Amino acid sequence: MNTSLVNEPTTTRFYNWTVQEMTGAPDGVQKPMLVVNGMYPGPTIEANEGDRIIVNVTNMISNATAIHWHGLYQRGTNYYDGTAAITQCGIPPGESMVYNFTLEDWVGSTWWHAHYSTQYTDGITGALIVHGKNESVPSYDGDLVIQMADLYHLFSPVELDLYFTPGGLEGTPGNEPVPDGGTINGIGQWGSSNTSFSNFTLEANKTYRLRLVNTGSFVNMIFSVDSHILTVIEADGTAVEPFDVSSVSIAIAQRYSVLLRTNQTAGAYWMRAELDQSAFTYDNPATNPNILGIIRYGVNDSAMPDLSLVNNPPSLPDGSPDSLDTSGLVPADGSAAPDPTFHTYFTISMQYPASGASDYLSFFLAFINSTSWTPLVNQSSLFSQIAKGASDGSTNFDDDTQLVTTVNEVSVVQMIIDNLDDGDHPFHLHGHKFWIMGGGDGRYQGQAVNNTNPMLRDTNIIPAYTWMILRFEANNPGYWAFHCHIQWHMAAGLLFQFNVLPSESSQFDIPQYMIDQCTRS
Ligand SMILES: [Cu+2]
């Protein structure tokens with residue numbers, strides 16, 4: 001990253017992207033991929049707060065696609081949020097679409113990815129870094145992006161079919177496909193098929209900001225650098241009170257910035273991204289869960305870390321900090337959340353449909369309350385509302401598959417969520433950050449919330465069999481998805497929508513060609 005970019009004046013940045021099919025081998029094993037401009041990860045967008053971003057996306061794959069800009073507010077441009085079947089229909093094969101939005105006051109580390117079925121699992125991901133002059137983080141000398149992801153050797157539609165195996169993968173309904181391995185900045189190691197590593201040669205005695213992003217599909221990635229303590233300074237675009245840790249577990253779609261000081265003995269050190277195997281529901285003996293990269297300083301740029309340390313990481317000195325406990329994260333510029341004015345309640349469960357057809361064993365689905373999301377076909381929530389011409393949030397679509405909470409006035413929405421499922425779910429809210437007001441075991445029983453400087457972010461794990469209370473200011477017109485970011489769970493229906501201020505979103509001036517693309521998407 002360019003640490004001096006922040007001093008440049010506000011500008012418009014143009015990008016020309018082609019989404020294409022490709023055979024790649026990120027960890028040495030050939031696999032079908034979907035990528036942007038032939039790259040995995042795709043191009044990094046690096047910009048300043050307030051800049052305008054214009055991305056011309058041409059779709060050369062055989063299905064429609066859409067690109068989502070994770071975490072950005074898209075105030076007034078909900079139709080460029082890039083969420084297929086919700087904010088647009090999708091870019092049909094062979095056609096193009098121009099995304100055009102400003103970064104407003106969003107600052108920090110995020111990413112972009114396809115938001116159409118499980119396409120991003122196959123490689124349509126990239127970093128999106130926004131510099132800000134007034135970001136409340138300590139100073140640093142260098143700035144790096146480290147994208148980590150679990151990796152599947154099969155094409156995601158094939159994995160999705162496995163996930164929906166009648167009776168369940170390995171005989172248990174809901175078992176998610178276990179990844180084959182993973183990558184750091186697009187490079188992994190599997191068997192003896194790959195011996196290359198993502199690597200950085202840095203200067204000694206400097207402070208580097210590492211922007212960690214989990215661009216994967218299923219499991220947390222646990223990041224560490226041998227013999228180094230890391231200082232967490234940002235989470236999902238929120239600057240936090242500096243917090244020393246030995247490692248950081250990053251849920252799907254979350255981001256952290258950590259400071260790394262190159263103050264140990266000059267040399268080469270293993271950088272580790274370990275797949276969190278606690279989420280694996282069956283044994284895949286071929287999986288490589290230990291992905292490696294290299295950070296070196298004070299030595300030449302071919303120096304290798306000690307191979308004998310690969311399976312024996314050196315321990316940190318006594319008294320060193322522990323791994324990140326997210327309950328210790330405090331916003332650097334935090335304050336109390338406003339009192340809620342709009343109350344919602346949701347349950348999360350995964351089960352077979354109540355009234356099953358004869359092939360019901362193929363449909364172990366995810367439910368929010370009693371709704372399992374199925375994407376609208378040749379339609380989007382937002383476009384449907386506009387077609388109806390109503391300003392009260394009423395639409396033409398079938399409510400059986402769409403759970404929509406309409407917020408007609410600017411409100412502080414409080415979500416009480418009971419996760420009745422045996423899995424952890426990293427939930428993401430589009431277009432807003434939320435305050436994490438509290439959580440605990442079992443169903444919510446009226447416990448008090450913590451409103452002393454609550455953490456504010458856009459993606460958070462709701463652990464198995466727990467309740468959680470999230471709060472956000474609904475002041476941004478449009479349809480905003482709130483969904484589990486695990487790709488298998490979203491495909492099983494773990495998504496609902498807030499329709500915020502329909503009186504404004506029904507007046508959006510949406511480019512006609514985007515609406516015309518619906519019939520071909
Ligand atoms: Cu989930």
Side-chain angles (χ1 to χ4, degrees), residues 68 70-71 83 85-86 111 113-121 125 148-150 152 156 159-160 162-165 168-169 172-179 214-221 236 249-255 275-282 326 346-353 363-375 401 403 415-430 434 436 439 441 443 457-470 480-498:
H68 170 60
H70 187 105
T83 311
I86 296 176
W111 61 306
H113 60 84
H115 212 303
Y116 191 105
S117 187
T118 56
Q119 286 175 354
Y120 93 65
T121 301
T125 69
M148 288 161 272
D150 48 22
Y152 292 89
S156 71
E159 296 283 1
L160 198 54
L162 289 172
Y163 178 55
F164 288 118
T165 300
L169 249 184
T172 303
N175 273 358
E176 298 84 0
V178 170
N214 185 343
T215 63
S217 299
F218 178 29
V219 299
N220 304 335
M221 299 295 281
D236 296 358
S249 177
I250 311 153
I252 295 296
Q254 287 185 324
R255 295 84 66 207
L275 278 70
D276 182 348
Q277 297 165 76
S278 65
F280 289 8
T281 50
Y282 59 91
T326 54
F346 302 102
T347 58
I348 297 167
S349 63
M350 303 189 79
Q351 59 201 61
Y352 288 115
F363 297 98
F364 189 81
L365 299 177
F367 292 84
I368 295 178
N369 298 343
S370 55
T371 305
S372 184
W373 180 64
T374 304
T401 59
L403 176 61
M415 288 188 261
I416 297 174
I417 304 161
D418 281 332
N419 179 4
L420 310 180
D421 181 55
D422 65 358
D424 296 354
H425 299 287
F427 265 81
H428 167 51
L429 177 62
H430 287 216
F434 48 71
I436 302 167
D441 290 340
R443 285 181 178 246
R457 64 187 312 172
D458 63 42
T459 307
N460 194 48
I461 293 177
I462 305 178
Y465 301 127
T466 67
W467 60 272
M468 183 162 285
I469 297 185
L470 306 175
W480 304 106
F482 182 69
H483 66 93
C484 177
H485 223 287
I486 291 176
Q487 289 298 276
W488 317 120
H489 296 174
M490 196 178 86
L494 206 45
L495 178 150
F496 72 88
Q497 300 160 63
F498 284 101

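Keep in mind it's a predicted model, so treat the numbers as computed, not measured. The residues of the chain are indexed from 1 along the displayed sequence. All ligand and atom numbering here is 1-based and tracks the order in the structure.
When distances from the Cu ion (ligand 1) to the N, O or S atoms of H425 are compared, ND1 comes out shortest. Summary: ND1 is the N/O/S atom of H489 found nearest to the Cu ion (ligand 1).
There is no side-chain donor-acceptor pair under 3.5 Å between N369 and T371.
Ring pair Y163/W488 is tilted by interplanar angle, where 30° to 60° counts as tilted. Between W111 and H485, the ring planes lie tilted relative to each other; the angle falls in the 30° to 60° range.
Residue L494 comes nearest to H425 through the heavy atom pair CD2-ND1, 3.5 Å, listed as atom of the first residue, atom of the second, then distance.
Metal site remark for the Cu ion (ligand 1): H485 contributes no N, O or S atom at a distance under 2.8 Å.
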